[in-house]
Structure formats: structure tokens, C-alpha cells
Amino acid sequence: MITIPSQEFTDLLNEISKKWQEEWSKNRIFEADPRDQKKFFTTVAFPYPNSPFHLGHGRTYVTGDVYARFMRMRGYNVLFPMGFHFTGTPIITMADDVAKGDKDLLDIFRNIYEIPPDVIPKLSDPLFMANYFKEEIKAAMREIGLSIDWRREFTTIDPHFSAFIVWQFSKLQKKGYVVKDTHPVGWCPVHNLPVGMHDTKGDMEPEIGEYVVIFFETKMGSLAAATLRPETIFGAVAVWINPKATYAVVESWGRRVIVSERAAEKLKFQIDVKVLEKVNGSELLKITAINPVTGKEIPVLPADFVDPTTATGVVMSVPAHAPFDYYYLKKAKVSIEPIPVVAVEGQGESPAKELVESSHPKNDADLKKLTEQLYRLEYNKGVMRSDVLRLVKEELRAELSPIAGKQVPEARKMITDLLLQRKAGTKILEIMNKPVYCRCGNEVVVKILQDQWFLDYGNPEWKAKAKKLLANMRVIPEETRKDFEYALDWLQKRACARTRGLGTPLPWDKKWIIESLSDSTIYMAYYTLSHKLREFGLHPSQLTEETWDYILLGEGDVKAVAERNKIGIEALQELRRHFTYWYPLDLRHSGPDLIPNHLSFFIFNHAGIFPEDLWPRGVAVNGFILYEGKKMSKSLRNIVPLRKAIRTYGADVIRIALSSLVDMSSDANFTEAGARAITDNLKRFYELMQMRSGSSIDGTPERWLRSKLHRLVRDVTPLMESMRFREVINELLFNLSSYINEYLEMVRSESREYNNDVIREVVETWTKLMSPFAPHLTEEMWHQMGHNTFLSLESWPTPDFNKINDEVELEHEYHKLLIEDIRAILNVYKGKPSAVVLYVHDGSLNQVVKSALDVLSKGGTMKDFMQMNTPKSKEEARTLQRIMQYVTEMPETVKRLVLSNVNEMDVTRKGVPFLRYKLNLEVEVLPYTQEVRQKINKEALPYRPAILVK
RNA sequence: GCGGGGGUGCCCGAGCUAGGCCAAAGGGGGUGGACUGAGGCUCCACUGGAGUAGUCCUGCGCGGGUUCAAAUCCCGCCCCCCGCACCA
């Protein structure tokens, strides 16, 4: 056999890839138009070009392409288009970072992605960046062999596309799915802009949480104590103030309120705040406050641990449940008895007290740990003590009485509602993981945005439609359906417009830009038309709402629409024809990260805008890619650019490694060793194709190999349909390869040459089966085998059931079992074996074995078997017992052999050449007789010959 | 916290919804051998332990249980990963 060194083969792969990519493109074989043929429309989430592709990006695209290619071979008119997502802020952010000279980023661009030095400065222009990376990504897509119809390419800032988005939002607006509301966001007071994770130092996502503010009346105004545990108000015995901080008396919530000066500043972003006067914290210590629930007068005490920058800078003191409070009260030698509020089984009266006294915290950090521990415990396991009611002031007692015995979460809600209702408290928002800093260095605050536009995914009618869509949609893998159900349920109002970024302005409020996850929900429809819009030379201004209504919904009168928008009737009808041919979308591919957002919006928007018969039919979700066991990340500097990987390993190898090495839903680990294994296996088939020196003898080995091949075709086809690519590749690349080796051994054991026709049949079928995975190599092989059609357009093979030969396969399996048994013996055999004798049972027990099998298959046990056969002697009973045991542990192959009624002696004898070859020993097959039994003192059972090693 | 997914042999990873073909697929790696001028190619054998006979023991996160029989079913526990919004 000819062997090619691996590197040479990789070079060959690259050469072949280039050649066929050019051929495909030149012959436009992936350009699909409506025709009289069943169609399959598939898309993969379009890329966001703010970086070149790395290995990880490749997976979804290749997975989608493998399926597209498969469906094409299954006789579908397949459309696989691609576009580019320019909308939003990340491109701008990235360009900003380049402009600012971000060291890490520049280093990655220069040294990992190998972007030419003269290009890098130009990337500070967002549009240049987007276009540059778009071309870069496109090149990668071509080089990996995606079967895309490139005529339809567009970007989301093309004016035609904007016209389409305007239509989409007008539709949503008219259906009442767009609403106006207020919304809290992380906000930079200097930029005057919302900040997300991308905009903060260290990429911290600002987490917004809610504090309950409780008003403690004083003669200077209400002290606004902020708390996360309002239910402990019953046990508030003092109010903490930081004596070193400045406080402000302000007018807010319709009253005079005392908060820290810093809090007053921040609260301005949430509510109206009018600062009346400023006071030193120490001054406040002179006053006393009233607990609004108990009505008791309590002291205002100094505490350094109170952070004036967090929430209101005023804290209520609950020594029974807050370790800080107990610790500092004790330290200040204030003698106030803690008042327990929450009871936890197995805990003492005053948990904070006990915790502090038993674990001796040394500093605030220790106290913080204790606090978290206690909060968690009481939140999850605590119930409200009933004796707290005694403390409640008269007018609230009746209303609060149900709180006794309630779980903490419920009690919290109850008391909060009461406080709010009585105007004894309110809620404020705060950054929970503070401090979070904007890139400009300022601390991020919470701002409540007024007049924000939302898509109302909480709208019950819309939600119901979305769920219906999901219920009728294919989800691959099926387990992911749960994630979708959860996401659809959970989605509520979602802001759909931003103040900055690239994209389409909201049609009715042009200062807002439609946000990127909102303008990419039904764009698949646009693919069906994009090249036609260009072809007809339509201007965006002609793409009015009614134009789209006609094309996409079939609404309106063609003539009138054509006339008013100065579009030819034929053109309009043609567009409508294209759209209706391709829509609905058959399958959408993406990564799992898009389930709670993009894919769910995709479902919602289709459900909201299109009639049911145009709802998408399926989604497929695949896992991520790891590199040598680790997630690819900037910080690890282990990002592998896709194009580089293609150059190193070859497109086909990368395709297989990305799409088919693990189950769809799991993350795939790309390793150098794994890639090499794929290369070597591909190479083996390529070499196999070049084998030419065989014979034409057509015997058992040939029947066996054909049987294996056709069985494989049969099994692999449904696996392809359900996208179980891992199993397919396992069969095609690894199992089939070992079948061939096995076949060659069988042939050799008969001391003859292999059969040319069989090998050719195997290789030719293999090229077809393998074509979706390794389109370049197989296309080349197909042509080298003398065909002049495109393999990519050939039909998927169908199995010839007549060639699936159970008997031949079973017999061969049995021979292998015999070899295993003999080897097990040889393994412990001392001395040099010269020959093996197999004494085959005469078959007189076959009936009994069959009946034992029958009992077992019906779920019966030894007992049933014994009862059925009623042994007449002890010896017979023993034999029956042995047989039952034997049958219980019997390999499937043997079971089927027993049931097949073939003659065991014949079957065994047929295997002699192969056994000899594999064992490299003389093998003899003889009948098992009484004499033999006495001589070797071993027992034989059906298909378990007595084995003697000499 | 809520929701989802996991913990399998040196590593990666199937199997576990339908309990017996499971010492547990497949790949990687390792060891030995064949081929070869040489091989990082290819092929064969071995790769939990013990054993002069096809067997036995241990074993699929931990601890119990059901069953003639459990990686697979039930109960409890521990640990890991992912998502949780205006951000692509």
C-alpha cells in the first residue's frame, strides 16, 4: 500500500480544498433559486464582525453546513445564506479600544490574528473595522467550505435592510407589542450613558438590586434606613450613623428625609431630590428615632462600619440577627438587649449574638462572612417568631398578625408591602456588586430611564403564541427544549432601543437606535429577497410598509402597491414568489448562549408578525469549543484563529473536529492529537482509493464487508437526519476503517488478494457518506475515481438490504469470540502452545438452551425454568442450572446463533483459517464426545466448545 | 437563590429514557511486536488486579435501598459547569 507522510497529506488537503472551492464557486452550485423541488432553508446566526473568527466560531457554521450538504444530497433544494450583523455597540467599543491603544487588544490583533501592522490603526474607525472583519470572516467561511449562496449577503446597516426593520417595528408597534416604560440601568454620571459589562473596568456587569428604605421619624426629619432584610424591623433597637460622614436633609418621597450626602447625589438619578441642608453625622447622634413598626423610641448611634456611599448611608441596628450590629453594640458598651425576630430550628434565641460570641470575629471581613452565613440560613430556613407581635404598636397589630410563623421570604414581602402602603418606607435601587467603575474611572450608579422603549415579551397573548410556535418546532437536541420553555416564560419587557451604536432608528422616535438583539429576529426572511431587491434596483424609499406587507404577508392589492411605490407588478410578484417559496425557515443553528436571548426573540418575533404557516420549523443548538481542554480566552492567550487552524490542519479536518467529535449539546475539545487522528484516518481512505492490485475473487470476506457497508449506510442515514454527527463519524471514520482492516485480514487468512470491486464500492460509498463532513477531499476522490459530476450534488447512498447478511456477520462475530476465549486461556498458559483443539458440542442441548432463552426473554428466572423442565435426576438438574446460568450471561451474538439453527460444527469449521491466522497456531475442530470428556475433563455447551491448548 | 446540565477506567468521552450481552463503545496516550533505509505512516497484541485454562476479585462522585441481577431504578448527601436581561 502507498503511504503518504502526514504533513504531505495536509498540504494536499489544502491544495484540494482551494481547487474545489474555486470550482464550486465558478459553477455556482450553491446558489439556490425557487424551482419545482422540495426546499430546505437553513440559516446560522450571522456573525458580529468585531474580530476575526477563531476556532470556536467555526463550530456552529460547520455544523449547519454539514446538515445543509446532507440535505442537498437527500434531494432538497437547499438555501444556506449569510449576512453580517453591524448593529450595536461592541464594534464601536472595540474600535474605541483600538483608538485608545488598548495594549492587550492590539497585541491579540497583531500577534494572534496576525493583522498587518498598517491595517491596525485603521481599525479605530468602526465602519472600517466592521467591513475589514467582515471580509476576513467571509474568507474563513469560504476556506472552511461552507456551501453558502453568497449572492444574498447583506449587512444590518444597509438601507434596504433598515427599511425591512422599520417595517418589522411598525408591525410590532401596531400589534401593541412595543411599550414605553421606565427602566433602571447602570449609568455613568460623566458619560451620561448606560453602561453594560463591555463599558466597565474589568468587564464587571453592574448588578442592580433593591433595598427597602424604612423611615425612622426624628425631630429633624425621617432617618432613611436602607435594608435588605426589612422583616427584621421588629428587632431594630437603634439606628446607625457614620459620625465622620456628611449627611443631608432632603425633600424626597414627599417628606423630609435624612440620608448621606453621597446617597442624596446618587438618588437624584432615581427620584426627585431637593437638598435642604447638610449636617455632620455626629450631630445626628443627639437625636432619637421612632421605630415605625414598634413605635418605640430608639437611640441614634455612631458606627464607622456604615458606608455612606452604599444605599442611604443610614442603617437600622438589629443585634439579634446582624453580627455587625451585635458586635459593635457590645464594643460600644451600649447595653441593649437583642430582640429575636426570626427562629431557625436548632438555633438559639439570638443567632447573631451566639455566632459572634462563639466564633470571635477579628475584623469587618470576618463579620461580613458571618453575616452572609446567617442571612442565608435565615432566609432559607427561618420563620417569623410569633412573639414579635407583642412589640408591634397597636394600630398595626391586627394587620401584621398573620406574619407570625411565616417563612422569611414571605414575611419580607408582607412587611415591605405594609411599609410602602403606609408610606413608612420605600424602595431604592443600588449597584449590588459595587463599586463598579466606568472605563472613564467614575463609579457607576443606578439611573431610572424614563420613556424607554420596550418589546413587551410579557404580553400574555404574545407569549402564548410564542409557546405555541415552540411546541410545534423541532428542537435539536430535544433536551434543550426545556431551556427554551424556561426562557420564553421568563422573558418580560425588554428594552429594544439604545441611545448609541450602529443600526436603524426607531421609526416613530428617531433619537433611539433599534438595539442589536431586536433587529436580528426575523432577518432570515430578508435573505429570501436581498439579491432580488438589488437585481430589481429598488430604492429603500420604495420599500414602504405596504410594499413589505404585500411581499411578506400577501396583504394589499398588488396593482395599487406597485403603483404607489413605483415598483413593477412583476417585480413585486416575483419577490412574493421567492419569499413564499423559501419561507418558513426550516432550521436555524446557533450556540447555547443564544437560547435565552436571540433564539427566544426569534421565536417571539416570528410568532408575533407572521401567520402560523410561516413560523420556523426547527432550531439546532450546539456546544462550544475548547482548545486543549481549556476555554479560549484573551487572558489565556490561547485563541486559535480559524483561518490559521485551517492552514495548519486542512479544512476537512477542522470541519470534522468541530462538528462531529462529540455530541451536539456538549462542548467539544479541540486537540492537536485529535486533529492528527482525523487526518490519518482520512489519509487511510485516500490511500485505499489508490489500491489497484487486487483480485476478483468474491467469497465470504467480500460478503461480510459488503454486509457491514450496507448496514452502515442503513444505520447512518437516520443518524444524519437527527444530526447525531458524532455517531456518524464514529462509524465512517473509525469503525469502517477497522472493518476494512478486518476484511484484509480475512482475505489474508485465505492466502489471497483482496477484491478490487469491493474496495472500490466501499471507498465510493464512503466518499458520498463523508461528503458533508469532508467535502473537499471526497470531491477530489470522487473525480479521481473517474466521475465528472460534483459529488456535492450527488445523491446520498441508499442501502441494499439484500447485501446485509446477518448469517455471515454472526459467524464472523462468533469466530472472534472463539479467538477471545482461546486468548484468555493462552494468557495464563505456561509453556509454548503448538495447537488448539475445539471440541464442539453435538447440539443435543440446543433445544434446552432455546427454551432457557425463551424463559429469560419473557422476564422469567431460574425458578420458572426449573418448573418448566422438571428435572428427573440430580445430574439433570445440575445441567439445567448450568444452562440457565450460561444463557443469562450469553453474548447477543451467541444467542442469535443458537436461534438461527445453523450447524455449530459447520460454523466453527468455517472459522478455522481465520483462527489460525489470528492465533498463529494450528487449529483443529472435533466433535465433543464422552471419551473426550473423560480425557480432558472439560465440558462443552452449545456454542461453547471445550478448548484444549496443546 | 431560581432554572438547566453534569460527576464513568491514565486522559477525552459514550452508555445510562426500555436493569442482564458492561471490565464498560470509540478516540487519545502508553507498552510490546510486525513492516521499513528510517519512520512522528500503517498493521497486530496488550493497557484495573490476580490466576498453569475461557475464571475470580475490585470497579462507573459518596452512603443507603429495590432486584436472582444496577454505571443503569429509588432515597439521602457531596462536588462541578452554564444561564438569570436591556448585553452581544
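Chain naming here is simple, since letters A, B, ... match the order of the sequence lines and numbering starts at 1 in each. Values in this document were obtained by computation on a predicted structure and should not be read as measured data.
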Student: Are A:K631 and B:C81 close enough that a side-chain N or O sits under 4.0 Å from OP1 or OP2?
Tutor: no
Student: Enumerate all atom pairs, one protein N or O and one N or O from nucleotides 29-36 of chain B, separated by less than 3.5 Å.
Tutor:
unit_1	atom_1	unit_2	atom_2	d
B:G29	OP1	A:R676	NH2	2.8

Student: Assess whether side-chain hydrogen bond (donor to acceptor under 3.5 Å, both in side chains) is satisfied between A:T87 and A:D519, documenting all intermediate values.
Tutor: CA-CA 8 Å; A:T87 317; A:D519 82 344; 2.6 Å; yes
Student: Shorter than 3.5 Å, N or O on both sides, protein versus nucleotides 11-18 of chain B: list them out with atom names.
Tutor:
unit_1	atom_1	unit_2	atom_2	d
B:A14	OP1	A:D663	OD2	3.0
B:A14	O2'	A:R726	NH2	3.0

Student: Counting only distance, no hydrogens or angles, is the base of B:G51 paired donor-acceptor with the side chain of A:N827 under 3.5 Å?
Tutor: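 For A:N827, whose side chain was compared with the base of B:G51, there is a donor-acceptor pair (under 3.5 Å).
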Student: So A:A946, base contact, sugar-phosphate only, or nothing? Heavy-atom distance under 4.0 Å.
Tutor: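 Answer is base: heavy atoms of A:A946 come under 4.0 Å of a base.
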Student: Between A:R412 and A:E231 (salt bridge meaning N to carboxylate O under 4.0 Å), is one present in this structure?
Tutor: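 Counted as a salt bridge, because a side-chain N and a carboxylate O are separated by less than 4.0 Å.
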Student: Is any side-chain N or O of A:R944 closer than 4.0 Å to OP1 or OP2 of B:U55?
Tutor: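 Affirmative; the distance criterion is met.
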Student: Start with the C-alpha gap between A:F604 and A:Y177, add the side-chain angles, then the distance that decides, and say whether ring-ring contact (aromatic ring centres under 6.0 Å, His included) holds.
Tutor: CA-CA 10 Å; A:F604 263 102; A:Y177 298 153; 8.8 Å; no
Student: Would you tabulate the nitrogen or oxygen pairs shorter than 3.5 Å linking the protein to nucleotides 21-24 of chain B?
Tutor:
unit_1	atom_1	unit_2	atom_2	d
B:C21	O2	A:E892	N	2.6
B:C21	N3	A:E892	OE1	3.2

Student: With distance as the sole criterion, do the side chain of A:N730 and the base of B:G26 form a donor-acceptor contact below 3.5 Å?
Tutor: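 Such a pair does not exist between side chain and base.
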Student: Using a cut-off of 4.0 Å on non-hydrogen atoms, how would the nucleic acid contact of A:V894 be classed: base, sugar-phosphate, or nothing?
Tutor: nothing
Student: Between B:A88, B:C43, B:C86, which nucleotide gets closest to the side-chain atoms of A:A495?
Tutor: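 The answer is B:C86, which lies nearest to the side chain.
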Student: Please enumerate all residues that pass side-chain hydrogen bond (donor to acceptor under 3.5 Å, both in side chains) together with A:E485, with sequence neighbours excluded.
Tutor: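 Here no residue qualifies.
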Student: Using the C1' atom in both, what is the distance from B:A14 to B:C60, to the nearest Å?
Tutor: 12 Å
Student: Contact class for A:Y48 vs. all strands (heavy atom < 4.0 Å): base, sugar-phosphate, or nothing?
Tutor: sugar-phosphate
Student: My understanding is that only residues two or more places apart in sequence, or in another chain, count here; which of them pass ring pair (Phe, Tyr, Trp, His ring centres under 6.0 Å) with A:F773?
Tutor: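 Applying ring pair (Phe, Tyr, Trp, His ring centres under 6.0 Å) to A:F773 gives A:F725.
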Student: Taking A:E809 first and then A:R711, would you say they form a salt bridge - that is, a charged N and a carboxylate O separated by under 4.0 Å?
Tutor: yes
Student: A:L948 near the nucleic acid: base, sugar-phosphate alone, or nothing, with a heavy-atom cut-off under 4.0 Å?
Tutor: base
Student: So which nucleotide from B:G51, B:A45, B:C87 ends up closest to the side chain of A:T89?
Tutor: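 Of the options given, the side chain of A:T89 lies nearest B:C87.
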Student: When Watson-Crick pairs (N1 to N3 and N6-O4 or O6-N4) and G-U wobble pairs (N1-O2 and O6-N3) count only below 3.5 Å on both distances, what is the dot-bracket string of RNA chain B, with | for other-strand pairs?
Tutor: ((((((((.[[[..)....(.....]]]((((((.......))))))(((....)))...[[[[[..)....]]]]])))))))....
Student: Which one, B:A25, B:C43, B:G54, comes nearest to the side chain of A:K938?
Tutor: B:G54
Student: Mind checking if A:P47 touches a base, just sugar-phosphate, or nothing, with heavy atoms under 4.0 Å?
Tutor: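 Since no nucleic acid heavy atom lies under 4.0 Å of A:P47, the category is nothing.
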Student: Closest approach to the side chain of A:R498, judged atom by atom: which nucleotide of B:A88, B:C44, B:A53 is it?
Tutor: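 When the side chain of A:R498 is considered, B:A88 is the closest of B:A88, B:C44, B:A53.
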Student: Is the phosphate of B:C43 approached by A:R684 (side-chain N or O, under 4.0 Å from OP1 or OP2)?
Tutor: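 Result: yes.
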Student: Can you find a side chain N or O atom of A:N597 that sits less than 4.0 Å from OP1 or OP2 on B:A85?
Tutor: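 So the side-chain polar atoms of A:N597 never come under 4.0 Å of the phosphate oxygens OP1 or OP2 of B:A85.
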Student: Which nucleotide sits closest to the side chain of A:F734: B:G54, B:G27, B:A88?
Tutor: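 Comparing B:G54, B:G27, B:A88 against the side chain of A:F734, the answer is B:G27.
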Student: Would you say A:S516 reaches B:A88's phosphate, i.e. side-chain N/O to OP1/OP2 under 4.0 Å?
Tutor: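 Checking A:S516 against B:A88: at least one side-chain N or O falls below 4.0 Å of OP1 or OP2.
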Student: Show the nearest heavy-atom pair for residues A:F670 and A:A675, with the distance to one decimal.
Tutor: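 Nearest heavy atoms, A:F670 then A:A675: CZ-CB, 3.9 Å.
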